Each structure stands twice: as structure tokens, then as C-alpha cells.
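Nothing here was measured: the structure is a model prediction, and the numbers come from that model. Just so we're on the same page: letters track the sequence lines, and every chain starts at 1.
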Amino acid sequence: MFAIYIVGAIVVILIIFFIATYNRLIGLRNRLRNAWAQIDVQLKRRYDLIPNLIETVKGYMKHERGTLEAVTKARNLAQSLSTTDVGARSKAEGELSSALARLLVVVENYPDLKANQNFLALQEELTSTENKIGFSRQYYNDSVLRMNNKVQMFPSNVVASMTGFKLGEFFEVTVTEEREAPKVSFK
Amino acid sequence: MWEQISANRWRSVVLTAGMGILLLLIGYFLGLYFFENAIIGLIIALAVWGIMSLIAYFQGDSLLLAVSRARKIGRDDNPRLYNIVEEMKIASGLEKMPDIYIIDDPALNAFATGRDPNKASVTVTSGLLAKLNRDELQGVIGHEMAHIKNRDVLLMAMCAVMLGTIVILAWYATRVLFFGGMAGGRRSSGGGGGQGQIIILAVGIFLMILAPILAQVIYFAVSRKREYLADASSALYTRYPEGLASALEEISASPIQLKSANQATAPMYTINPFRQKGRAASNLTSTHPPISERVRILRAMSGASLADYDRAYREARGGKAGIAPASALALDKVAGAAALRAPSPEAKTAEKSPQKVERARETSDMMWRLNDYKTVHCPCGTKLRVSPEFRGNSVKCPHCGQTLAVKGST
């Protein structure tokens, strides 16, 4: 009789543990999806900003056709890729980022352009959108890490494998110059 | 990543509970002494606290914003500030965009309000907007966002209310004890408890004097802990601790005090609005840790994770307890370093000051020369100005004590 109680108690505890862990995993996965959607919002915003930027800049930068075309091409390529293929998508977006960065460096040579109010507003929007992409990617990766830890670590991994949870994929930065650590000297 | 925050929150709750016990003790002795019934005292203490809490909970942020004369802005009023707040909202994973307010004041400061992350707001002074570059502003906003995300605002508001209740009750009680009590109005009902009465009186007086001080110390301890944690979170969000570090330096170098701040709202701000220059603020009665220490910790970080901040914190404070229990940070270490990022292009172009100093030096050299002063360079690096009236051949350097020849002297 006593043994039945003990077994019963263990079964109840196991069921409670299973439900709690499963719900936790679902919560983490939803957060991950939400974080991914956030990146998408910012990437779309960048697609929208680029034609505007090119239009504003074109008149001033007659000798930079190559740079401008590279930006447009990278944008169109990134936009055409499906949103589910994380690997290819992050590569294309990385290329768009570096094409834009090159454009913004070249802009430094055009003082007239830097006095244009319209351009300055666009530049602020673009800089901020780049930052937002970076931050949403950062948050997405943090979320992936949290979920993956839960999926792989004992004891939650048992629940995860029983219910078929897969590991999340990190949004990697494939462009080398973006990865460089800052060189700050402290004196 | 957020385990340590809940661990820290737990510690804050314990401290707050300590304050609650102080409040109940005061009520208890108040009741015992004035009504000879501890329950009535407890009820009074809880009622005062409850009413103040309710006001703080439902009206606190609008009161604070009104008192600070803050005005709300939208995206078009200041796109840069709006964007930076949105960036930090994304980085912190906050669900709703907080409201943004600006105080028109040349002082440099910022604060966050809101009892829960969905009803939050961030306020900055116009001086701060004008003075800081993008990275620095981002660091400050990240700090405020961390206060919202960690629910510090609610915790500190509740702490402040409890502190206020304790102070009010103790103040009122001591006044009645010393002025009303001597008139003998109260004792008519007592009939004299003898020794017990005296002990209660002694403990009561002791408590009335000690409780407000103790409550204040607890309050400041909680507040400072939260500041460090907010700094750590800001570094994590921005991946760039240098931004907040240099913002803090910039803020501490500014001599202007915020006009609309008062003692009650002080802990809400990024830095203590009542700091006095040249005074070490590391004592018990400061709501904020000393800025120099915060800057030192931020600069000593090798990565941007909370574990990195914790390590820097321990080093700077001589191996004392860190910002969070080690167990809470273990996961963060496994997780791998959150790498630091590079400064934004705006920060690079903004570094003009060394050149400016150089130019100012050249100009001043020229002015001295025009006035027939001679310049002697000492090997220790000091530059000596010799007046045209000086008749000797040599001059002693006031810095290192060497005797130097004055060239071209007659």
C-alpha cells in the first residue's frame, strides 16, 4: 500500500515536471520566433529606405555608379531570398550591410550632400536601422542560445527530444569586417 | 541570461522586507505607547503605508513627470532620440515602446518611470541630448531601459514609500513624545505600568531615532545595487561599455545641477542629481555608487556579458561579493562571451578635442612670446615662462627642482 503511494507521488511529480518544462520550451520557442520577426521588420525597413537613399544621393554622386549599383543589387538579392533559409539570408544581408557601409564612407567626400537636410534625415534613419538590425539579431541570438541550452541540457533535454524540439539556428555574421573587435586602449 | 536578475531581485525583496519589519515595529511600539494596544498602532502604520503606496503605484509616474516639468515627444520631434530608445527597446527585448519625455534643462541627467515594463517611460534632459554623442546616449538609455526591464522602478518606488512612511511616523511620534508626552495628557489612562512602561518607552524612543536612519541605509543599499546591475545590463544591451563610461564621465564633469530634482526622486536618475564635486560618495547615505568606480568597472570589462561585468566589479571592489550569485552567472559563462562592438562612426569624428587643446597651446605660446617672455623647457616636461624683468642666468624648475639655464639672458 505504502509503495503505491510513493510510486503515485513520483508519477505526479514527473507529470508536473513534464508539463512545466514543455510549456517553458514552448515559451522560449515563441520568443525565438518573435525575435526573428523583429529582425524581419527591420530588414524590410532597410529595403524601403534604400531606394529613397539612392534617389537622394544619385544627383550628387555622378562618379560613384559602381557603389550605388552594388547597394541596389545587394538589396534586390536579399529581398528575393525566402525568409526561412536562415543561412543564405544572413549572408545576403551581411553583403547588403557592407555595401551600405561603403556607400556611407564614400559620402564623406561630398560636402554638398552632407549639407542636404533630406540626406541627413535619411542617414540618421539608415544608421539607426542598421543598429536595430544589429540589436534584434543580438536579441535573436540570445534567445536561440537560451532555447538551445534548454533543449540540450539535462533534464529538460528528455522532454525536448520526446516532443521533437529542434535546435534554433544562429544568425551568423558572415562579413569579416563586421566581426572585428574594437581596439580601445585604456590608459 | 535573466536568471541573475531574478536572483538579484530576490535579494532586493529581502531587504525591502527588512524595511517592512521596521515599519511594523514602529507601528507596534506606537500603538503600545499611545493607545496601549499594539494592534491599533500596526493598523495605523499599515494604513498610512497602504494609502501612500496606492498613490505611488497609480499616480507615481505622472506625478514625477509633472514635478519634473517633462514634456512628451514623438518620433518627429527628435528622430535621433526616438531611434536610440527604439534600438535599446529591441536590444533589451522589451515588448512595448516606452514613452519618451524631455526636460528642458541644461543639466545632464536621465530617468525612467513606470510600474511595469508595459507602462514605462524614459526621460532625458535637453542638456544631455546636446552634449552626448550617439554611443554615449545609447549607453544612458540602455541603463534606463535596464531599470525598466529589471523592474527597478516599481521596487524603488515601493521602497521610497516605505521609507517615507517610516520617517513620517517616527517624526510624528518623537514630536508627541517630547512635547505632548511631557504634558501628561496620555498617562491618565495608564495607571502606571512601572518598569514595563519605562522599558517600552526606552525601546520606543530608541526605535524612533534609529528606524529612519536604518531604513535609509537599507534604501540606499538597494538603490546602489540596482545601479550596478543597470550598468551591467546597459553594457550587455549595447555591447559597448565604453559608451556609458564616457557618458558618465561627461555627466560628472558638468557642474550644472538639475533644478527640478528633489531628494525623493534622486534614485530615479542615472547619476545622483545632488552630488557634490570632490566628495567621495561611497558612504552609506548615497543613492548612487561613485561615478569614478562605475566608470572604472565599465572600462575594465573584457566582454559585454553580465559575467564580464561581474568580474570587473569584483576586481574593482577588491574581491567582495559580486552583483549576482556565482551560480546565476555560471550559465552566462557557458553561453560564451558577448563580444564588444566597435564605436559608431559618429563617435570617431567627434574626437576633436586633443587637436583643440594643441591649438590652444600654440596660441598661448605665441602670446607669451609677443610679450617678450622666454620659454624654458625642463627635461621633466614642464614649460617655464620667464618674465622679461627676470635678470638671473638660471631658474629652478618648481616641479622637479632642477636648475636650468635661461638662454639669451643678459
Side-chain angles (χ1 to χ4, degrees), chain A residues 27-28 30-32 34-35 37-42 45 49 100-101 103-105 107-108 114 117 120-150 152-153 170 173 177-187, chain B residues 1-3 75-76 78-95 134-135 137-138 142 145 236-243 245-246 295-296 298-306 312 330-332 334-349:
Chain A
L28 285 173
N30 285 343
R31 202 169 94 174
L32 190 85
N34 181 38
Q38 285 300 316
I39 304 182
D40 243 23
V41 169
Q42 299 308 329
R45 170 117 187 93
L49 281 172
L100 271 174
L103 176 62
L104 289 180
V105 168
V107 161
E108 297 293 316
K114 289 180 76 183
Q117 281 301 320
L120 286 179
L122 262 173
Q123 195 185 24
E124 161 61 30
E125 277 311 305
L126 204 64
T127 314
S128 179
T129 309
E130 287 290 327
N131 286 349
K132 284 170 198 163
I133 291 171
F135 286 127
S136 49
R137 191 170 60 196
Q138 179 180 309
Y139 183 68
Y140 170 79
N141 282 344
D142 285 348
S143 309
V144 171
L145 185 85
R146 262 174 82 73
M147 193 180 99
N148 287 0
N149 277 344
K150 208 77 186 162
Q152 287 177 312
M153 281 179 180
F170 287 99
V173 181
E177 59 257 42
E178 259 193 73
R179 214 184 236 160
E180 267 175 33
K183 291 168 188 71
V184 189
S185 63
F186 304 115
K187 270 177 240 158
Chain B
M1 179 162 62
W2 304 114
E3 275 80 5
R75 180 191 280 275
D76 297 332
N78 194 329
R80 196 168 82 128
L81 177 62
Y82 191 93
N83 277 333
I84 290 174
V85 173
E86 200 176 350
E87 285 164 23
M88 285 299 100
K89 175 223 157 210
I90 292 170
S92 62
L94 208 66
E95 273 161 34
R134 198 186 176 96
D135 282 339
L137 206 53
Q138 207 177 46
M145 215 58 105
L236 177 71
Y237 297 156
T238 59
R239 297 288 202 266
Y240 189 62
E242 175 59 26
S246 81
V295 171
R296 204 163 60 235
L298 286 167
R299 292 234 160 107
M301 290 173 74
S302 51
S305 70
L306 294 179
L331 186 76
D332 200 49
V334 175
L340 300 172
R341 71 168 172 83
S344 72
E346 189 188 331
K348 281 180 211 150
T349 53

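Separating the OH atom in A:Tyr139 from the NZ atom in B:Lys89 is a distance of 10.0 Å, to the nearest 0.5 Å. Between atom CG of residue B:Leu236 and atom CD of residue A:Gln138 there is a gap of 6.5 Å, rounded to the nearest 0.5 Å.
Neither the backbone nor the side chain of A:Glu130 comes within contact range of chain B, judged by heavy atoms closer than 4.5 Å.
Counting all heavy atoms, side chain and backbone alike, A:Ser128 lies closest to B:Arg134 at CB-NH2, 3.5 Å. Contact between B:Tyr237 and A:Phe135 at its shortest, heavy atoms only, is O-CE2, 3.0 Å.
Residues A:Lys132 and B:Asn83 form a side-chain contact, since some pair of their non-hydrogen atoms from C-beta on lies under 4.5 Å apart.
With sequence neighbours excluded, the residues forming a side chain to side chain contact (heavy atoms under 4.5 Å, CB included) with A:Leu49 are A:Arg45, A:Leu122, A:Glu125, A:Leu126, A:Thr129, listed by chain and number.
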